[in-house]
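Data block below; observations after.
All chains are named by letter (A, B, ...) in the order of the sequence lines, taking the proteins before the strands, and each is independently numbered beginning at 1.
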4 protein chains.
Amino acid sequence: MARPETPTTRARWDARRAEVIGRAAHVFARRGYDQTSVPELAEALEVATGGIYHYFSGKEQLLIAICDQLMEPLLAEAEELVATDAPAREQLRDLVRRWVANVVDHQDHMLVFQQERHLIDHGAQWREVRESRKRFERLVQDVLARAQAEGGGTPVDPRLQLSALLGMVNHTAQWYRPRGRLSPAEIADGYVDLVLMGR
Amino acid sequence: MARPETPTTRARWDARRAEVIGRAAHVFARRGYDQTSVPELAEALEVATGGIYHYFSGKEQLLIAICDQLMEPLLAEAEELVATDAPAREQLRDLVRRWVANVVDHQDHMLVFQQERHLIDHGAQWREVRESRKRFERLVQDVLARAQAEGGGTPVDPRLQLSALLGMVNHTAQWYRPRGRLSPAEIADGYVDLVLMGR
Amino acid sequence: MARPETPTTRARWDARRAEVIGRAAHVFARRGYDQTSVPELAEALEVATGGIYHYFSGKEQLLIAICDQLMEPLLAEAEELVATDAPAREQLRDLVRRWVANVVDHQDHMLVFQQERHLIDHGAQWREVRESRKRFERLVQDVLARAQAEGGGTPVDPRLQLSALLGMVNHTAQWYRPRGRLSPAEIADGYVDLVLMGR
Amino acid sequence: MARPETPTTRARWDARRAEVIGRAAHVFARRGYDQTSVPELAEALEVATGGIYHYFSGKEQLLIAICDQLMEPLLAEAEELVATDAPAREQLRDLVRRWVANVVDHQDHMLVFQQERHLIDHGAQWREVRESRKRFERLVQDVLARAQAEGGGTPVDPRLQLSALLGMVNHTAQWYRPRGRLSPAEIADGYVDLVLMGR
DNA sequence: TATGAATGAGCCTTCATTCAT
DNA sequence: CATGAATGAAGGCTCATTCAT
């Protein structure tokens, strides 16, 4: 729980912490957050029960950490990407590709994220996660609007378009299998085609 | 838990049970299934703690009943609809309209359904619910394929198209508000336009 | 719970009550008093849950009634018997015969009685049952002492002799089977032979 | 519940477990097994409610452990004893002495054992206890038969003799007081005299 | 740093009992 | 008289968390 101060041990601590987060996401995704007891979790993580509390002050903090590990790299990439001066449709394509790649790389995190949406939406300690999500959605909305404008408008309501895209991409976590027919990039491109109606 | 045998009392029992299911869906959607204790639930349902067990043999059975109340009317309507001899694109449009209407009418049920997907996918008592869902998805897949064929094919992978449609429609439960700009039918039509890329 | 006043209905009420007691003894003997719920009991008795409360003010009263149904006829017979002017050894033999007959006829009652001894010994409402038992034991003790005196004493401690006899006879409820090799009277005679060491 | 693996801690765990069993027997004997709630029990045992579950997987397992703690040493002693080449009547006397000593040393265990006979006889998890009891009874039966044969037979049915002995000895738990007139050995000898009718 | 026994609050469920029908 | 739905207290048990080792 107390991050060490010497750089070497701190790096080791961070690495161990990150690993615990990833494994926990896996366990929570299958068994559910609430339905996984801390002893069960500890067993799956190959630490003693109390060991978890070296990295997290409580079970809910671990859940928050899972969401952070999901959102942070995505948000960083996305913000970097929209800062380029590429055409909007190219930005959109790149954004959706990275987004899908993130979903696919953090499939368990996504499933947990969706399961615990009620906590994210209403929980007291979840403001930060809530805002990350909003920030990301606004960013997508913006790129989408610009891409649409470039293409000469659309008969479909822009907000519906955004919701549809969010729905498609997030839903990917529920069916994607690593050895599937389509690569993450192909999936992303398919989504862009649909949402822009091929224009 | 024991459905009465006399028709009159049985009707009353069924009505009360259905009402309890609906209210429970509402509470679970906000607070989460596991994070809602049975006493809390009972209070929201305006029955005594033990009263719940007159209608359900346990908390999990209540959750199953919520999913049944969501799936059954949808599946019945959908099966009736695809049995008509209307053109596939018309069938698709009708199907998505009814589907969206069902999501909108059972918004809380849908949110609960999504939260507890890990139970639905892995739980021992969930086989029936699992099969209803699969049946519905196959039905959508079929209509979609026929509609596509009528329109002369598409550059987008058919399975991706299906997944995208499932993602969009299900995601609707997360943002729909009764007084929003778009009616359920308009939302549905928008989805069909996107998934068929306007053809 | 309220015994009727008209003689005819009262007789019917008494008969029904007695039958309920006997059946309850049977159920309690197999499943245990505490481990038999009132709904379970009601089902075995073929009445509705609430029906039991027409004859007994509560579950524990029913248990007391079982003990009364066991003790009352035994005590009545025993008191009548020791009032005769037969020789003590004959009285002893008759007493043990009736006692064993009572155990055999109320086998379930006896098993329940033994299971719930801690209640009988310590329970607040059990004074009457406690005293019946004591009265009976003193009666046996008295006959036994007189029989012993007639026989010219014994090398075995008289109280031990009493305890042994109580132990043997009560234990009979645990192994007696109606179609066994020995009749209740033969069993009783065997006990008397042992306790008097054949004198 | 999970016995430790290191010898030192295992010894401590075993000792604590044994102590808990003994104390639980005491509480159950007075208040009854079912009528003692786990919080009540925990208080008497001076552990927290949940602490009990470190040593037993459930309340019923604790009850089984009480019966094991009663039967195991008795059975071990008895088997050792009958393996000697002493005359049968001497073996019988020694056996009953040890048996009575065991009853007296485990008086509470015996009372619990008798209260919960319906569980022992019918319970699913009780097979082992059931078989221990049967094994002991057969052992007594055997010694008794041989002792009888040495003495030249008896007019009393051998099985009745066995039942009577079982009844006497077990019943001892219900009246024995440590400061009583008779020592356990004297009690045992009295029982042997009665059952052999002084021969 | 890591452990896992111990805690006691809280969980789901069942209970004996009541009372409108 | 009889019913069985409803009550809410209490049941056994599991939980997230702590802390002596």
5′-ward residue of the pair C:Arg12/B:Ala48 relative to DNA chain F: C:Arg12
Whole-Å distance separating the CD atom of A:Gln61 from the P atom of F:dT17: 10 Å
Distance-only polar pair, side chains of D:Gln125 and D:Gln61, donor-acceptor under 3.5 Å: yes
E:dC12 phosphate, OP1 or OP2, under 4.0 Å from B:Tyr33 side-chain N/O: no
5'-most by nearest nucleotide on DNA chain E - B:Gln35 or C:Gln35: B:Gln35
A:Lys59 to A:Tyr33 six-membered ring, cation-pi geometry met (6.0 Å, 45°): yes
Closest listed nucleotide, where the reference is the side chain of C:Thr9 and the choices are E:dG8, F:dC1, E:dA16: F:dC1
Touch class at under 4.0 angstrom, heavy-atom based, for D:Val38 against every strand present: sugar-phosphate
Distance, rounded to the nearest Å, where C:Leu45 contributes CG and E:dA16 contributes C1': 16 Å
Distance-only side-chain donor-acceptor flag, C:Glu60 / C:Trp126, under 3.5 Å: yes
Mutual orientation of the aromatic rings belonging to D:Tyr55 and D:Trp13 [parallel < 30°, tilted 30-60°, perpendicular > 60°]: tilted
Touch class at under 4.0 angstrom, heavy-atom based, for C:Thr49 against every strand present: base
Rounded interatomic separation in angstrom, taking CD from B:Glu43 and C1' from F:dA9: 16 Å
D:Glu40 CD to E:dG8 P, straight-line distance once rounded to whole Å: 17 Å
Separation of atom CD in B:Glu46 from atom P in F:dT7, rounded to whole Å: 11 Å
Whole-Å gap separating C1' (E:dC15) and CZ (C:Arg31): 16 Å
Of D:Gly51 and B:Ser57, the one whose closest DNA chain E nucleotide lies more 5': D:Gly51
For F:dA20, the Watson-Crick or wobble partner whose two distances fall under 3.5 Å: E:dT3
Nearest-nucleotide pick for D:Tyr53, side chain only, options being F:dC13, E:dA16, E:dC12: F:dC13
Touch class at under 4.0 angstrom, heavy-atom based, for D:Tyr55 against every strand present: sugar-phosphate
Non-hydrogen side-chain atoms of B:Glu116 and A:Gln115 separated by less than 4.5 Å: no
salt_bridge(D:Asp121, D:Arg133) N-O dist < 4.0 Å: yes
Sugar-phosphate only, base, or nothing, as touched by D:Thr36 at under 4.0 Å among non-hydrogen atoms: sugar-phosphate
Protein-nucleotide distance (D:Lys59, atom NZ; F:dA10, atom C1'), rounded to Å: 12 Å
For atom CD of C:Glu60 and atom P of E:dA16, their distance in whole Å: 12 Å
DNA chain F: 5'-proximal contact among D:Pro39 and A:Asp34 (nearest heavy atom): D:Pro39
Watson-Crick/G-U partner (both atom distances under 3.5 Å) of F:dC15: E:dG8
